[in-house]
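Okay, structure first, notes after.
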Amino acid sequence: QVQLVESGGGLVQAGGSLRLSCVVSGRTLSYYKMGWFRQAPGKEREFVATVSWSGGSTYYADSVKGRFTISRDKAKNTVYLQMNSLKPEDTAVYYCARGRSGYSSTSYAGYDYWGQGTQVTVSS
């Protein structure tokens with residue numbers, strides 16, 4: 001069974017930084033794209049960023065482009081999300097997920113295993 005565990009969330013002031021981590025157990029990450037999504041209260045879960053299985057290709061939502069960086073360490077079975085210049089509108093629960101081959105990288109349906117989420121709160 002695949003398990004994903006996120007960590008690194010917390011409370012930060014606007015303009016600050018956080019780095020989220022997602023450790024995957026049960027299966028290696030090697031052949032799967034990985035993604036980060038977020039969900040704010042009263043809103044739908046939205047795509048944030050994705051990284052290819054090789055780590056060589058990334059894609060971001062327009063709202064975070066230039067501020068967030070997704071990366072992966074296959075040796076550690078870990079995916080990261082470095083978040084800089086945080087804004088109050090980035091406040092949400094952040095989820096990492098394992099991608100499904102042949103599905104859209106930006107769609108919720110494109111991922112089959114999800115972590116429990118980590119809360120990020122950005123104060124103004």
Side-chain angles (χ1 to χ4, degrees):
Q1 183 71 7
V2 178
Q3 289 188 321
L4 291 77
V5 179
E6 302 99 333
S7 63
L11 174 64
V12 64
Q13 289 187 333
S17 298
L18 284 174
R19 188 175 83 154
L20 306 183
S21 299
C22 173
V23 179
V24 183
S25 61
R27 291 278 183 93
T28 66
L29 291 179
S30 296
Y31 302 108
Y32 300 94
K33 66 188 175 189
M34 295 294 295
W36 285 95
F37 285 70
R38 66 186 181 186
Q39 188 166 17
K43 295 188 176 181
E44 293 186 352
R45 194 169 298 190
E46 65 173 3
F47 166 78
V48 174
T50 185
V51 60
S52 64
W53 69 268
S54 68
S57 178
T58 58
Y59 184 76
Y60 299 90
D62 287 344
S63 58
V64 307
K65 199 173 296 182
R67 300 187 298 121
F68 290 11
T69 302
I70 188 171
S71 62
R72 65 192 302 165
D73 185 333
K74 286 187 280 186
K76 295 182 178 180
N77 271 1
T78 302
V79 180
Y80 304 98
L81 185 68
Q82 177 67 43
M83 305 186 296
N84 299 327
S85 302
L86 283 161
K87 304 175 181 180
E89 51 264 44
D90 294 318
T91 295
V93 177
Y94 283 71
Y95 300 90
C96 72
R98 192 188 77 170
R100 295 201 287 185
S101 179
Y103 286 76
S104 168
S105 296
T106 61
S107 168
Y108 178 90
Y111 297 81
D112 53 4
Y113 288 95
W114 295 79
Q116 83 290 348
T118 185
Q119 176 71 48
V120 172
T121 304
V122 185
S123 63
S124 57

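Atom set for the values below is all heavy atoms of this structure, side chains included, hydrogens, waters and symmetry mates excluded.
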> In terms of hydrophobic clusters joined by side-chain contacts under 4.5 Å, are F47 and Y94 together?
Replying inline: no

> For T121, does its backbone N or O pair with a side-chain atom of T91 as donor and acceptor, under 3.5 Å?
Replying inline: no

> Under 4.5 Å between side-chain heavy atoms, hopping through other hydrophobics if needed: is there a path connecting Y80 to M83?
Replying inline: no

>> Quick one, Y32 with V79, criterion side-chain contact (heavy atoms from CB on, under 4.5 Å). Give me CA distance, side-chain angles, the key distance, then yes/no.
In response: CA-CA 11 Å; Y32 300 94; V79 180; over 6 Å; no

>> When you measure from the centre of the six-membered ring of W114, is the NZ or CZ of R45 closer than 6.0 Å and no more than 45° off the axis?
In response: yes

>> Tell me the closest heavy-atom pair linking P88 and S124, and the distance in Å.
In response: CG-CB, 3.8 Å

> Taking atom NZ of K33 and atom OG1 of T50, what is their separation to the nearest 0.5 Å?
Replying inline: 6.0 Å

>> Tell me whether T118 contacts the main-chain N or O of E6 through its side chain, where contact means a donor paired with an acceptor under 3.5 Å.
In response: no

> Is there a donor-acceptor contact under 3.5 Å from the side chain of R100 to the main chain of A109?
Replying inline: yes

> Would V122 and V48 show up in the same hydrophobic cluster when neighbours are defined by side-chain heavy atoms closer than 4.5 Å?
Replying inline: yes

>> Evaluate Q116 against V5 for side-chain contact (heavy atoms from CB on, under 4.5 Å), listing each step before the verdict.
In response: CA-CA 7 Å; Q116 83 290 348; V5 179; 4.3 Å; yes

>> Do V120 and L20 make a side-chain contact, defined as non-hydrogen atoms from C-beta onward lying under 4.5 Å apart?
In response: yes

>> Under the rule for side-chain contact (heavy atoms from CB on, under 4.5 Å), what residues qualify as partners of V23, not counting sequence neighbours?
In response: T78

>> Between K87 and D90 (salt bridge meaning N to carboxylate O under 4.0 Å), is one present in this structure?
In response: no

> Regarding R98 and the six-membered ring of Y113, is the cationic atom NZ or CZ under 6.0 Å from the ring centre and inside 45° of its axis?
Replying inline: no

>> Using ring centroids (six-membered ring only for Trp), state whether W36 and Y60 fall under 6.0 Å.
In response: no

> Is there a path from I70 to F68 through hydrophobic residues (I, L, V, M, F, W, Y) whose side chains come within less than 4.5 Å of each other?
Replying inline: yes

> What are the two closest non-hydrogen atoms of Q82 and S17, and how far apart are they?
Replying inline: NE2-CB, 4.0 Å

> Given V2 and V24, is the side-chain contact (heavy atoms from CB on, under 4.5 Å) satisfied, shown in steps?
Replying inline: CA-CA 7 Å; V2 178; V24 183; 3.9 Å; yes

> Can you name the nearest heavy-atom pair linking V51 to R72, along with the distance?
Replying inline: O-NH1, 3.7 Å

> Would you say Y111's side chain and S105's backbone share a donor-acceptor pair under 3.5 angstrom?
Replying inline: yes

> Of the non-hydrogen atoms in S107 and S104, which two are nearest, and what is the gap between them?
Replying inline: N-OG, 3.5 Å

>> Heavy-atom count check: over 12 atoms from other residues, nucleotides or ligands less than 6.0 Å from K43 NZ?
In response: no

> Nearest 0.5 Å, what's the SG-CD distance between C22 and Q3?
Replying inline: 11.5 Å

> Roughly how far, to the nearest 0.5 Å, is OG of S25 from CG of N77?
Replying inline: 8.5 Å

> Which residues satisfy the salt bridge (charged side-chain N to carboxylate O under 4.0 Å, His left out) test with E46, sequence neighbours excluded?
Replying inline: R38

> Yes or no on side-chain contact (heavy atoms from CB on, under 4.5 Å) for L81 and T69, after CA distance, side-chain angles and deciding distance?
Replying inline: CA-CA 6 Å; L81 185 68; T69 302; over 6 Å; no

>> Taking the ring of F37 and the ring of Y95, is the distance between their centroids below 6.0 Å?
In response: no

